[in-house]
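By convention here, the first residue in the shown sequence is residue 1.
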Amino acid sequence: MKRTLTVVCAVLCTATLTSCEVGGLFGAFFNDEKEDSSISVLYTSGDDTSYGSEEEEGEPVYYIDEDGDIEWAKNSAPDFNVSTAEQLAGVVYYVNNIYTYSPDTQLTINIYNDIDLSNWVWEPMGRIDKDGTDRRFNGSIIGNGHTISNMSIKYYSGDCYGLVGRAESFSTKNVIITDAEINAPSGLAGMYCGKVDGTGGCEGLDCTGKITTGASVLSGAFFGAAPKINIISAGSYVELNGERAVFGSREDYILQNPDDERFFRVDLDNDAGCMSVKHSPEFKAPQWVLCYEGNEKLRQDFIQGEPLSLSSELISEGGSYSVYIEAEAEGFRLPCSNVCAFYYEGNKEYPLSIGEDERKRIVCTDPDKIAEGNYDNLCWIMEYEGTRVYILTYSDNEQFNLLKGMMQSDTASKAGEFTIYLADADGNDITQVSNSIVYSVNVQE
């Protein structure tokens with residue numbers, strides 16, 4: 001059905017945001033090929049019944065609930081092979097009005113054609129209704145390199161804005177969004193999703209457009225808030241309140257602005273085996289959150305002045321860990337600190353063992369096992385800050401002298417972490433065959 005809308009109670013709103021320096025997790029994803037420009041956007045306040053837009057006479061206007069292919073979406077669920085704007089609109093209607101979230105139901109959207117959303121009154125896909133009904137998106141969108149263009153979200157009264165509004169799990173691959181325009185008077189906004197509560201992997205993010213919002217630190221080029229999302233590759237040129245958005249999400253803004261005292265700053269203290277905290281902002285009900293391989297492993301109340309101890313019970317398995325502080329903010333539970341990520345090798349078993357003798361020299365503690373290993377070229381390896389800087393061939397139960405190794409590698413004047421282990425070297429192929437000993441050097445005289 002085609003209709004023409006009329007402007008009702010329009011308020012001219014402009015906002016600016018000082019551009020940050022490129023850096024952090026998303027810094028490399030933003031190019032500088034286009035010039036900055038400012039934007040002005042019309043939007044209304046109040047409930048969505050007062051929203052309107054003035055279209056040129058005779059220009060069609062399409063609505064998700066009237067022009068979307070809803071019957072097709074009902075019959076296709078939970079796997080949608082989308083080729084037209086009408087089908088994509090039908091999926092949005094299905095998720096927002098028929099579907100209810102279940103961890104056992106994964107939605108899959110495959111895009112098989114470029115889709116132009118010009119003249120559609122669009123709305124984000126996935127939300128939590130006012131009565132508490134959970135309709136969060138849970139699944140993946142596979143773009144197959146196709147483009148969704150001219151998505152315009154201007155007349156929406158929800159709190160999460162993007163192609164997807166709110167999601168539990170969210171993954172996407174090679175979905176291109178161009179010339180999108182999102183008006184978010186409040187809440188979380190990003191081109192791909194406003195808020196992702198759970199995990200997901202994103203590859204080939206590529207988007208252009210404009211986001212206008214009253215809360216710039218709740219918005220980013222890709223996501224509003226998505227602390228557990230793993231991004232493999234991405235690029236964008238998005239204007240946020242008329243300025244270049246050089247961060248991908250709320251979490252990336254906090255990471256790029258470590259001195260912003262509105263947020264906590266958490267750092268890993270390797271020596272003490274804990275997470276330390278800088279800054280003391282006021283947030284309601286702050287909690288530590290520890291994730292392992294993207295899944296939440298621990299949640300406990302944050303107490304000012306007390307670090308989070310990373311005990312062996314918490315950090316027991318090898319893999320990727322992340323820690324942040326979450327609190328109540330802007331009507332959500334949101335990360336209110338940077339996300340500190342680290343990798344733990346775990347208690348890996350090696351054929352050889354090393355330790356310190358009474359003179360603090362590093363030795364192989366089970367030299368009799370060396371003959372059993374039939375090693376090509378057993379050698380000591382010294383790394384500085386994760387980079388191999390010194391190799392010494394092992395012979396006759398030779399000890400390793402840390403200071404000598406630092407002098408031989410020109411690192412004697414440097415502070416940082418030095419890691420020592422035994423390895424078997426076969427040309428450029430070096431395989432670790434013993435446990436590691438790590439030394440944290442603070443000051444070199």
Centroid-centroid under 6.0 Å between Phe302 and Phe264 rings: yes
Ring-ring centroid check Tyr384 Phe418, cutoff 6.0 Å: yes
Check: Leu240 and Thr212 side chains under 4.5 Å, non-hydrogen atoms: no
Where Met191 and Ile177 come nearest, the two heavy atoms and their spacing: O-CD1, 3.5 Å
Gln300, CD: over 12 other non-hydrogen atoms inside 6.0 angstrom: yes
Chi angles and distances behind the salt bridge (Lys or Arg N to Asp or Glu O under 4.0 Å) call for Glu326, Arg299: CA-CA 9 Å; Glu326 183 184 276; Arg299 179 180 291 269; 2.6 Å; yes
Phe137 side chain near Val91 side chain, heavy-atom distance below 4.5 Å: no
Residues which pass salt bridge (Lys or Arg N to Asp or Glu O under 4.0 Å) with Asp197, listed by chain and number, not counting sequence neighbours: Arg136, Arg166, Lys195
Rounded distance (nearest 0.5 Å) linking atom SG of Cys336 with atom CD of Gln287: 11.0 Å
Non-neighbouring partners of Tyr321 that pass ring pair (Phe, Tyr, Trp, His ring centres under 6.0 Å), sequence neighbours left out: Tyr292, Phe342
Contact check, side chains of Cys207 and Val238, non-hydrogen atoms, under 4.5 Å: yes
Electrostatic pair Arg265-Glu261, nearest N-O below 4.0 angstrom: no
Nearest-0.5 Å distance that lies between atom CG in Asn113 and atom CD1 in Ile148: 11.5 Å
Straight-line distance of Ser102 OG to Asn138 CG, nearest 0.5 Å: 8.0 Å
Gap between atom OG1 of Thr419 and atom CD1 of Ile381 - 0.5 Å precision: 11.5 Å
Note: Arg250-Asp252 ion pair, threshold 4.0 Å (strictly below): no
Rounded distance (nearest 0.5 Å) linking atom CD1 of Ile115 with atom OG1 of Thr147: 10.0 Å
Modelled atom types, side-chain donor and acceptor of Gln304 and Ser280, under 3.5 Å: yes
Audit row: Lys414, Glu385, salt bridge (Lys or Arg N to Asp or Glu O under 4.0 Å) steps and yes/no: CA-CA 10 Å; Lys414 296 183 178 181; Glu385 295 292 328; over 6 Å; no
Smallest separation among heavy atoms of Asn110 and Thr108, with atom names: ND2-CG2, 3.7 Å
Test log, rule salt bridge (Lys or Arg N to Asp or Glu O under 4.0 Å), inputs Glu293 and Lys297: CA-CA 9 Å; Glu293 297 293 342; Lys297 184 171 183 178; over 6 Å; no
Any donor-acceptor N or O pair under 3.5 Å, side chains Asn270, Glu417: yes
Those residues that, when tested against Tyr344, pass ring pair (Phe, Tyr, Trp, His ring centres under 6.0 Å) (two or more places apart): none
Separation of Ser322 OG from Asn338 CG (nearest 0.5 Å): 11.0 Å
Which residues share a salt bridge (Lys or Arg N to Asp or Glu O under 4.0 Å) with Glu383, sequence neighbours left out: none
Pairing residues for Asp366 by the salt bridge (Lys or Arg N to Asp or Glu O under 4.0 Å) criterion, not counting sequence neighbours: Lys369
Salt bridge (Lys or Arg N to Asp or Glu O under 4.0 Å) partners of Arg262, counting only residues at least two apart: Asp260
